[in-house]
Participant: 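Just passing along the structure, written as structure tokens.
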Amino acid sequence: EQLIEPAVRASIAAGMGYDWLLELGRSMGEPGMMLDALMRVPELTAAQKISLQRELVDVLTSNARVSFGDDAQYAAERAAGARVQLVAMLLNAGDVPAASAEWSKLPAARVSRYSWERDRGREEMEIRLASKAGTLDALLERYRAQPESAPLEDGLRSEERRVGKECRSR
């Protein structure tokens with residue numbers, strides 16, 4: 001893995017891109033490992049990273065489909081986490097329709113009353129997406145109607161501050 005980042009830099013500098021590294025990862029049966037390494041290369045553009053993240057989501061989703069038991073649950077959680085990260089990347093790029101489309105592919109969130117079992121990153125991303133997509137009122141109404149699906153109070157306050165800062169910086 002330590003050789004991948006220098007190989008990508010050299011390949012990009014030479015104008016060759018990184019597709020050959022993706023093929024190498026596939027041929028080794030480790031596309032996820034290669035994609036993870038490629039995502040850490042700072043020379044890649046946001047569009048390239050989004051493309052790689054899409055591929056990582058596909059790889060992890062495929063792994064989840066062929067796994068069983070605890071492995072399947074872990075693989076599904078990794079795939080969902082990668083998809084939430086893709087949503088964040090798309091929102092950062094200003095592509096709200098694509099972010100919404102990716103969000104709709106997520107499985108239903110597991111609801112827990114215990115804070116340590118909740119996926120705060122996903123909860124915060126749902127609020128961020130709703131604020132960008134113009135559906136925040138509907139999301140808040142869902143939280144009122146189904147309070148068990150609402151983020152814990154401290155998560156809402158944290159996201160409220162972040163969204164407020166984002167609005168003020170426009």
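Basis for what follows: all heavy atoms, side chains included, without hydrogens, waters or symmetry-related copies. Throughout, residue positions are numbered sequentially from 1 according to the sequence presented.
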Participant: Tell me if a side-chain donor or acceptor on Ser11 pairs with a main-chain N or O of Gly17 at a distance below 3.5 Å.
Facilitator: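 Answer holds: yes.
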Participant: Say you draw a straight line from CZ of Arg120 to CD of Glu124; how long is it, rounded to the nearest 0.5 Å?
Facilitator: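 Nearest 0.5 Å value for the CZ-CD distance: 5.5 Å.
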Participant: Can you find a side-chain donor-acceptor pair between Glu148 and Tyr143 that sits under 3.5 Å?
Facilitator: no
Participant: Hydrophobic clustering (ILVMFWY, side-chain heavy atoms < 4.5 Å, transitive) - are Tyr74 and Leu106 grouped together?
Facilitator: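 Different hydrophobic clusters.
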Participant: If you round to the nearest 0.5 Å, how far is CZ of Arg142 from CG of Asp137?
Facilitator: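 Answer for the CG-CZ pair, Asp137 versus Arg142, is 13.5 Å.
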Participant: Rounded at 0.5 Å granularity, tell me how far CD in Glu126 sits from CG in Asp119.
Facilitator: 10.5 Å
Participant: Arg122 and Ala109: which non-hydrogen atoms are nearest, and at how many Å?
Facilitator: NH2-N, 3.5 Å
Participant: Lys132 and side-chain contact (heavy atoms from CB on, under 4.5 Å): which single residue from Leu91, Leu90, Ile127 fits?
Facilitator: Leu91
Participant: In Å, rounded to the nearest 0.5 Å, how long is the span from CG of Leu24 to OH of Tyr18?
Facilitator: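 If we round to the nearest 0.5 Å, Leu24:CG and Tyr18:OH are 15.0 Å apart.
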Participant: Do you know the tightest heavy-atom contact between Glu123 and Pro151?
Facilitator: OE1-CB, 3.5 Å
Participant: At their closest point, which heavy atom of Met125 faces which heavy atom of Ala88, and how far apart are they?
Facilitator: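 Closest pair (atom of Met125, atom of Ala88, distance): CE-CB, 3.3 Å.
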Participant: Could you go through Arg26 and Glu55, starting from their C-alpha distance and side-chain angles, then the distance that decides it, and tell me whether this counts as side-chain contact (heavy atoms from CB on, under 4.5 Å)?
Facilitator: CA-CA 11 Å; Arg26 288 185 198 109; Glu55 188 153 346; 2.2 Å; yes
Participant: Nearest 0.5 Å, what's the CG-CG distance between Asp71 and Asn63?
Facilitator: 10.5 Å
Participant: When hydrophobic residues are tied together by side-chain contacts of less than 4.5 Å, even through go-betweens, does Met28 share a cluster with Met39?
Facilitator: yes
Participant: Out of curiosity, Gln73 CD to Phe68 CZ, how far, rounded to the nearest 0.5 Å?
Facilitator: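 Reported to 0.5 Å precision, the distance equals 15.0 Å.
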Participant: Taking the side chain as every heavy atom from C-beta outward, state whether Thr61 and Lys105 have any atom pair closer than 4.5 Å.
Facilitator: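 The answer is no; the side chains never approach within 4.5 Å.
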Participant: Test of understanding: clusters of I, L, V, M, F, W, Y form through side-chain heavy atoms closer than 4.5 Å, transitively. Do Leu35 and Met16 belong to the same one?
Facilitator: yes
Participant: Which atom names give the shortest non-hydrogen contact between Val87 and Ala99, and what distance separates them?
Facilitator: CG2-O, 3.7 Å
Participant: For residues Gly121 and Val84, report the shortest heavy-atom separation together with the two atoms involved.
Facilitator: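 In this case the closest contact between Gly121 and Val84 is O-CG1, 4.4 Å.
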Participant: Looking at Ala64 and Ala76, what are the two nearest heavy atoms and their distance?
Facilitator: CB-N, 3.7 Å
Participant: Kindly list each side-chain donor-acceptor pair under 3.5 angstrom involving residues 41-53, sequence neighbours excluded, with atom names and distances?
Facilitator:
| unit_1 | atom_1 | unit_2 | atom_2 | d |
| --- | --- | --- | --- | --- |
| Glu43 | OE1 | Arg9 | NE | 3.1 |
| Glu43 | OE2 | Arg9 | NE | 2.9 |
| Thr45 | OG1 | Gln48 | N | 3.1 |
| Thr45 | OG1 | Gln48 | OE1 | 3.3 |
| Gln48 | OE1 | Thr45 | N | 2.8 |
| Gln53 | NE2 | Ala82 | O | 2.9 |

